[in-house]
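Just so it is clear, the model here is predicted, and its values are computed rather than measured. Counting starts at 1 for both ligands and their atoms, following the listed order.
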Amino acid sequence: MDTHSAALESHAASLENAVDMSHHLSTLAKERRSSPLKSFAKYMFDPTVRSLAGGLPNEAYFPFETLSATTMHPDIYAPMGIEPGKAKSWLASLLGKSLDFIEVPKYAKKQGGLQLKNGLQYGAASGFQILSDFLTEWTKLAVPPAYANWEVLLCDGSTDAFHKVVELLCEKGDGILVESSTYPSALETGWPMGVRPVTTPIDDYGLVPEALEALLKGWCDEERKMRRPRVLYTVPIGQNPTGSTINDERRAAVYALAVKYDFIIVEDDPYWALNFGPYGISPPGSEIEKDKSKSEEEKNKAFLGLIGKSYLKNDTQGRVIRIDTFSKTIAPGCRLGWTTSNPQFAERLLRASETSTQQPSGPVQLLVAELVVLNWGMGGWIRWLRGLRGEYGRRRNWMIDELVKGFDIKVPKLQAITSASTGEDQMMPVRLEAFVKQAPSITSTGDNAWNEKMAGLSIGSTKTSKGIKILSFIPPSAGMFCWVAIHLENHGSLRGRSDFSSVSYQEESKELMQKIWVSLADKKVLVAPGWMFSGDGLRTGAPDDDSLTSSSSKSNGDENVDPRVGHFRLAFATLEETPMRQTMIDFCKVVNKFFE
Ligand SMILES: Cc1ncc(COP(=O)(O)O)c(C=O)c1O
């Protein structure tokens, strides 16, 4: 064991167990009974037992002899800050040698090997031990909780986990605290169970603890017609849709509120690994990535040190349920993820799986275990994540480069704040303001030029701006989305008006958003309208199918808070560089024209 691992182990040994959180369990969760089959388990796996008891189909009749796949090397993609052509496997990929072949036979040829017959058979709801062990090890390394007896439990992805968590913690008529703009599927999960979203503000730097405290402190059951929410659902990194990432200080403050007001934090963190740092500066960690004297092990360790953020690290009591998924790091079709929680919650979640999803798909567990655990190993897995971070980070840059070029942009100075908990300087992403384009395009002249611009030394054309601010956005430092605010108040039809709380103003702002959306769609540019992510949107029902273009849609997102501003969510995950840049050029043209 190296000194770092020894230090981790000794720190873990000094931690207390979780406190009793059973008062948070819903009636439904409490009433789930243990599976009657549990007591048979010790006999079921004894090869000398001649079973007449089981209900398992005969594996001889499973019509698959092998499960095999051609897979990628974990170092195929360049980490953040390294040019793609310089990734280690790039030459190998040119020569067609960057692929591996994995195979799981029906019956293992070697001792301890994975067997397809097990993946095709009914299995334990907790999933394959080899995966749970790996993910437990991973949690210790990447996001170690601050209490001792936490458990990892496999699930069928984040959506599945959240559904089970709502059943675990909520009664009909309860509210769940959610960020004011949030992932719609999470809202839909609670709705039919009679669990309503209670929104709390999110800004450019994540959930706002002061606003959350004000909400909880002033809570009145009678007025709200519900008891004070006991669950917070949050997407802390590269939030969907706003792209914002909470910093250490705010995370600590939110955790302190959870203790004070006794609520559970459900941390849904699918974009954890895609945490690239602010746009326009040399990507955090790139010095180490470029340093040829550093080993891959050292680079892996530096990567985890850089991006290993989670509420689990604040969690001394066992009041965080962290949800992880392989959807963004391997493939969403796998439907495979895991929760990390206190053992009481883990046990009740396991009971929920036994009577619903039963177990994550066996063949998928085999594929992931064979590739990630046996083929790549922990070192390879971390290297893979470093490459993914680089890939999505470059995609973020393509989108933001074009947004910056497409308008007259005002760039405030980047700010650093010193984290009180770690003493490290954290660069704060800054909001860029975009004005109607007047001057010729600023041409990108490489990293140094961008650094100068982003440091506020020059952005050239703001002087020539007519001063019509039409758009603002914060270049996301993580995730897959850029959340663009459209300043409708500066559109010709609303400019100068002060009646923004009137119904007619709200209707007109809604119509303007729809018109821009349609103009973009006519140019074959599809963006996600802000109303789709409104935490409040479901209060009066989901919009109609045709509401994207009809004026019947309820709101434009948080424009129901401020109708002067609408939002679009732009995803930088899918398009390749050339179509992405062209799409963004078209986006900028349409929006500029709309405000001319
Ligand atoms: C915040 C958030 N949570 C969960 C999911 C879905 O995750 P999974 O595929 O694991 O169900 C997404 C997918 O877009 C997401 O953005």
Side-chain angles (χ1 to χ4, degrees), residues 127 131 135 138 152-167 176-191 197 199-200 202 206-207 231-246 265-275 309-311 320-341 349 352-353 356-357 359-361 364-365 367-368 372 385 388 392 395-396 476-483 526-530 532-535 537-538 557 567-574:
L131 272 179
L135 295 171
W138 166 247
V152 154
L153 179 67
L154 288 169
C155 62
D156 292 19
S158 178
T159 309
D160 169 50
F162 186 61
H163 183 98
K164 287 168 182 163
V165 166
V166 175
E167 284 188 345
I176 289 194
L177 296 161
V178 297
E179 285 137 356
S180 45
S181 294
T182 190
Y183 177 52
S185 166
L187 301 173
E188 295 289 353
T189 303
W191 192 262
T199 55
T200 184
I202 180 169
L207 195 68
V231 177
L232 165 70
Y233 169 79
T234 179
V235 183
I237 294 175
Q239 201 253 11
N240 187 357
T242 64
S244 77
T245 295
I246 196 163
I265 299 175
V266 181
E267 176 179 45
D268 181 15
D269 205 0
Y271 306 103
W272 180 90
L274 313 181
N275 191 348
K309 314 279 182 189
S310 166
Y311 278 102
V320 173
I321 302 180
R322 179 177 165 84
I323 303 178
D324 278 286
T325 176
F326 282 113
S327 284
K328 318 291 169 172
T329 51
I330 297 289
C334 288
R335 309 312 309 139
L336 191 61
W338 67 99
T339 53
T340 310
S341 71
L349 288 170
S353 288
S356 56
T357 47
Q359 65 178 101
S361 156
V364 163
Q365 289 191 73
L367 273 181
V368 174
V372 177
L385 296 180
L388 274 192
Y392 283 102
R395 284 166 187 275
R396 184 270 315 261
S477 60
M480 296 181 172
F481 309 110
C482 181
W483 184 239
L526 208 58
V527 295
M532 287 173 61
F533 308 95
S534 168
L538 286 178
H567 285 100
F568 288 133
R569 190 194 72 175
L570 314 186
F572 49 84
T574 26

Test F481 against every option in Y392, F572, F568, Y271 by the ring pair (Phe, Tyr, Trp, His ring centres under 6.0 Å) rule and name the one that passes.
Y271

Who are the salt bridge (charged side-chain N to carboxylate O under 4.0 Å, His left out) partners of R322, not counting sequence neighbours?
E267, D269, D324

Residue list, salt bridge (charged side-chain N to carboxylate O under 4.0 Å, His left out) with R395, at least two apart or on another chain:
E576

Write out the protein residues near ligand 1, meaning a non-hydrogen atom under 4.0 Å from one of its atoms, in order of chain and number.
G157, S158, T159, Y183, Y233, V235, N240, D268, P270, Y271, T325, S327, K328, R335

Keeping S534 on the side-chain end and G530 on the backbone end, is there a donor-acceptor pair under 3.5 Å?
no

Exercise: do T245 and K309 side chains pair donor with acceptor under 3.5 Å:
no

Identify, with sequence neighbours excluded, every residue that meets ring pair (Phe, Tyr, Trp, His ring centres under 6.0 Å) alongside F326.
W338, W381

